[in-house]
Q: 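Quick one: the structure is below, questions incoming.
In this text the structure is predicted, and so the values were computed from the model without any measurement. Values below: all heavy atoms of this structure, side chains included; hydrogens, waters and symmetry mates excluded.
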Amino acid sequence: MRLRYCLLCVLILSGHGASAVCPVDDFDDGNDAGWIHCGEWSEQQNPVWDAGSGRYCLGLREPLRAPPPPPLSIAAEWQRAGQDPRFHDGCVTAGFRSGSETAGTWSTHFVLGLRADCGDGGYKAMIGPSIGRMSIFRRLELLADTLDADLREDTDYRAEFCAVGQALSLRVWPADAPRPRDPQLQATNAQFSAGNIGVGVFIENDNRGPNIRGCFDDIHFTPAPACRADFDCDGRVGLSDARLLVRAWGPTVHCDGTVEADLNNDCAVGLRDAWTLVRNWGKCELAPR
């Protein structure tokens with residue numbers, strides 16, 4: 001224990017500010033390796049999954065001229081989440097930009113999925129900027145819904161969708177604003193306990209003519225606090241986590257729970273957070289379900 005503490009002290013003395021995240025994909029490599037494509041669209045509709053711009057853009061090559069057949073979404077899923085128990089409880093966060101009337105993409109809705117299986121399984125959060133709608137679904141069953149969301153066209157947003165045990169929640173906020181302290185939607189369901197992380201786009205059934213296109217970026221996952229100091233999601237609390245804590249040392253920019261290294265939520269990363277990391281050193285034990 002003394003060696004661990006001394007090593008942590010050395011890291012603290014050499015650290016500087018930054019925040020810690022558990023990355024899924026930022027698409028900076030220009031590809032979607034690790035993702036599988038979901039959907040059964042016809043050849044005439046030409047679905048596109050494209051990460052070449054450094055964002056993950058899903059859509060159709062040509063505007064729709066008739067209502068699409070089911071499934072209505074063009075989606076992709078990150079398979080590692082379904083294979084690793086650390087991704088079964090927690091929150092997926094992603095950036096997206098709402099469509100515009102000029103580009104014909106204002107009707108595009110965005111989807112985040114948890115515990116998904118490229119079919120009807122899992123939980124899905126839907127954000128429809130053009131109609132101010134946010135929803136949480138189990139399969140095709142609506143679990144929570146609102147039509148009062150203040151969402152604007154051609155605007156960058158962050159969305160956080162959580163599944164922790166039976167509790168589901170959704171937050172959406174402008175990318176240049178602090179994360180909301182409380183979720184806009186909450187629901188409870190116990191059907192699914194494991195599966196992939198998903199992203200997708202779709203339009204309502206009765207739309208004609210719009211371009212379906214939406215892009216995601218900077219996707220990361222925050223595990224439920226079974227092992228709160230495992231910032232890099234590798235199943236252990238070790239030197240890499242200590243380095244991430246050190247980089248986040250000092251006051252936090254937003255006192256809203258978004259800095260993961262602020263383990264005691266006191267709006268700063270300091271000695272108490274370091275002590276929590278030391279006490280959790282070693283292999284993470286998953287919390288009982």
Side-chain angles (χ1 to χ4, degrees), residues 24-79 81 92-114 116-120 122 124-135 137 140 149 151-159 161 170 172 174-175 196-220:
V24 171
D25 208 330
D26 58 13
F27 306 104
D28 287 350
D29 56 7
N31 66 62
D32 64 351
W35 295 80
I36 54 173
H37 300 167
C38 306
E40 298 176 357
W41 294 80
S42 68
E43 293 181 1
Q44 291 83 1
Q45 291 163 331
N46 292 319
V48 176
W49 294 264
D50 181 14
S53 66
R55 299 181 301 161
Y56 200 22
C57 298
L58 288 66
L60 298 180
R61 295 187 189 279
E62 301 292 337
L64 281 172
R65 302 305 178 193
L72 300 177
S73 63
I74 303 167
E77 291 180 4
W78 191 61
Q79 288 186 291
V92 60
T93 307
F96 68 94
R97 186 174 184 84
S98 60
S100 69
E101 293 186 25
T102 302
T105 55
W106 180 224
S107 296
T108 299
H109 300 346
F110 297 80
V111 178
L112 289 179
L114 287 173
D117 65 359
C118 239
D120 290 334
K124 297 178 177 66
M126 186 276 286
I127 304 112
S130 61
I131 56 176
R133 185 177 186 184
M134 294 165 48
S135 311
F137 288 87
L140 298 178
L151 302 171
R152 306 175 186 277
E153 69 172 308
D154 207 22
T155 301
D156 291 312
Y157 288 97
R158 298 289 295 170
F161 183 37
L170 175 62
V172 180
N196 299 326
I197 289 171
V199 296
V201 295
F202 80 103
I203 62 171
E204 301 285 352
N205 296 15
D206 56 355
N207 277 307
R208 303 286 201 282
N211 290 311
I212 304 177
R213 180 178 171 83
C215 301
F216 296 87
D217 198 6
D218 189 23
I219 301 173
H220 69 266

Q: Side-chain contact test, heavy atoms from C-beta onward, threshold under 4.5 Å: evaluate it for Pro174 versus Tyr157 and give yes or no.
A: yes
Q: How close do Asp217 and Gly54 get, counting heavy atoms only, and between which atoms?
A: OD1-O, 3.5 Å
Q: Donor-acceptor pair, Ser73 side chain versus Phe202 backbone, under 3.5 Å?
A: no
Q: From Ile74 CD1 over to Cys38 SG, what is the distance, rounded to the nearest 0.5 angstrom?
A: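 Reported value, rounded in 0.5 Å steps: 11.5 Å.
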Q: Using only atom types and a distance under 3.5 Å, with no angle test, would you say the side chain of Trp49 pairs donor to acceptor with the backbone of Ala75?
A: yes
Q: With distance as the sole test, does Thr155 use its side chain to make a donor-acceptor pair with the main-chain N or O of Glu153 at under 3.5 Å?
A: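 Between the backbone of Glu153 and the side chain of Thr155 there is a qualifying donor-acceptor contact (under 3.5 Å).
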Q: Between Asp25 and Asp32 (side chain of the first, backbone of the second, donor and acceptor by atom type, cut-off under 3.5 Å), is there such a pair?
A: no
Q: Strictly distance-based, threshold 3.5 Å: is any side-chain N or O of Asp50 a donor or acceptor partner for the main-chain N or O of Gly52?
A: yes
Q: Minimum heavy-atom separation for His109 to Gly128, with atom names?
A: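 Smallest interatomic distance, heavy atoms only, reads ND1-CA, 3.4 Å.
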Q: If you measure from CG on Leu114 to CD1 on Ile197, what distance do you get to the nearest 0.5 Å?
A: 6.0 Å
Q: Roughly how far, to the nearest 0.5 Å, is CD of Glu101 from OG of Ser130?
A: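 Between Ser130 OG and Glu101 CD, I get 9.0 Å after rounding to 0.5 Å.
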Q: Taking the six-membered ring for Trp, are the ring centroids of Phe216 and Phe27 within less than 6.0 Å of each other?
A: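 No, ring centres 6.0 Å or more apart.
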Q: Please report the shortest heavy-atom distance between Leu58 and Ala76, naming the atom on each side.
A: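 Heavy-atom minimum between the residues: CD2-N, 4.1 Å.
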Q: Without swapping roles, check the side chain of Thr105 against the backbone of Thr108 for a donor-acceptor pair under 3.5 Å.
A: no
Q: Only one of Trp35, Trp78, Phe96 passes ring pair (Phe, Tyr, Trp, His ring centres under 6.0 Å) with Tyr56; say which it is.
A: Trp35
Q: Side chain to side chain contact (heavy atoms under 4.5 Å, CB included), that's the test. Do Val199 and Leu112 meet it? Break it down for me.
A: CA-CA 5 Å; Val199 296; Leu112 289 179; 3.9 Å; yes
Q: Looking only at heavy atoms, what is the nearest atom pair of Pro47 and Leu60, with distance?
A: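 Distance-wise, the nearest heavy atoms are CA-CD2, 3.8 Å.
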Q: Before giving the answer on salt bridge (charged side-chain N to carboxylate O under 4.0 Å, His left out), spell out for Arg158 and Asp218 the whole-Å C-alpha distance, their side-chain angles and the decisive distance to 0.1 Å.
A: CA-CA 9 Å; Arg158 298 289 295 170; Asp218 189 23; 3.6 Å; yes
Q: About how many Å separate CD1 of Ile36 and CD of Glu77, when rounded to the nearest 0.5 Å?
A: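 If I round to the nearest 0.5 Å, the distance is 5.5 Å.
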Q: How close do Met126 and Leu170 get, heavy atom to heavy atom, and via which atoms?
A: O-CD2, 4.4 Å
Q: How about His37 and Cys118: do any of their side-chain heavy atoms sit closer than 4.5 Å?
A: no
Q: I want to check something: taking the side chain as every heavy atom from C-beta on, are Asp117 and Asn196 in contact at a cut-off of under 4.5 Å?
A: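 Of all side-chain heavy-atom pairs linking Asn196 with Asp117, none is under 4.5 Å.
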Q: Tell me, do Asp154 and Arg97 make a side-chain contact under 4.5 Å, heavy atoms counted?
A: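 SC-SC contact between Asp154 and Arg97 confirmed.
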Q: Please evaluate residues Arg213 and Val48 with respect to the criterion side chain to side chain contact (heavy atoms under 4.5 Å, CB included), reporting the C-alpha separation (whole Å), side-chain torsions for both, the decisive distance (0.1 Å), and the verdict.
A: CA-CA 9 Å; Arg213 180 178 171 83; Val48 176; 5.5 Å; no
Q: Quick check for you: to the nearest 0.5 Å, what is the distance between Leu151 atom CG and Ile127 atom CD1?
A: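 Atom-to-atom, Leu151:CG and Ile127:CD1 are 8.0 Å apart.
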Q: Give the minimum heavy-atom separation between Phe110 and Val201, together with the two atoms involved.
A: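 Heavy atoms only, the tightest pair is CD2-CG1, 4.3 Å.
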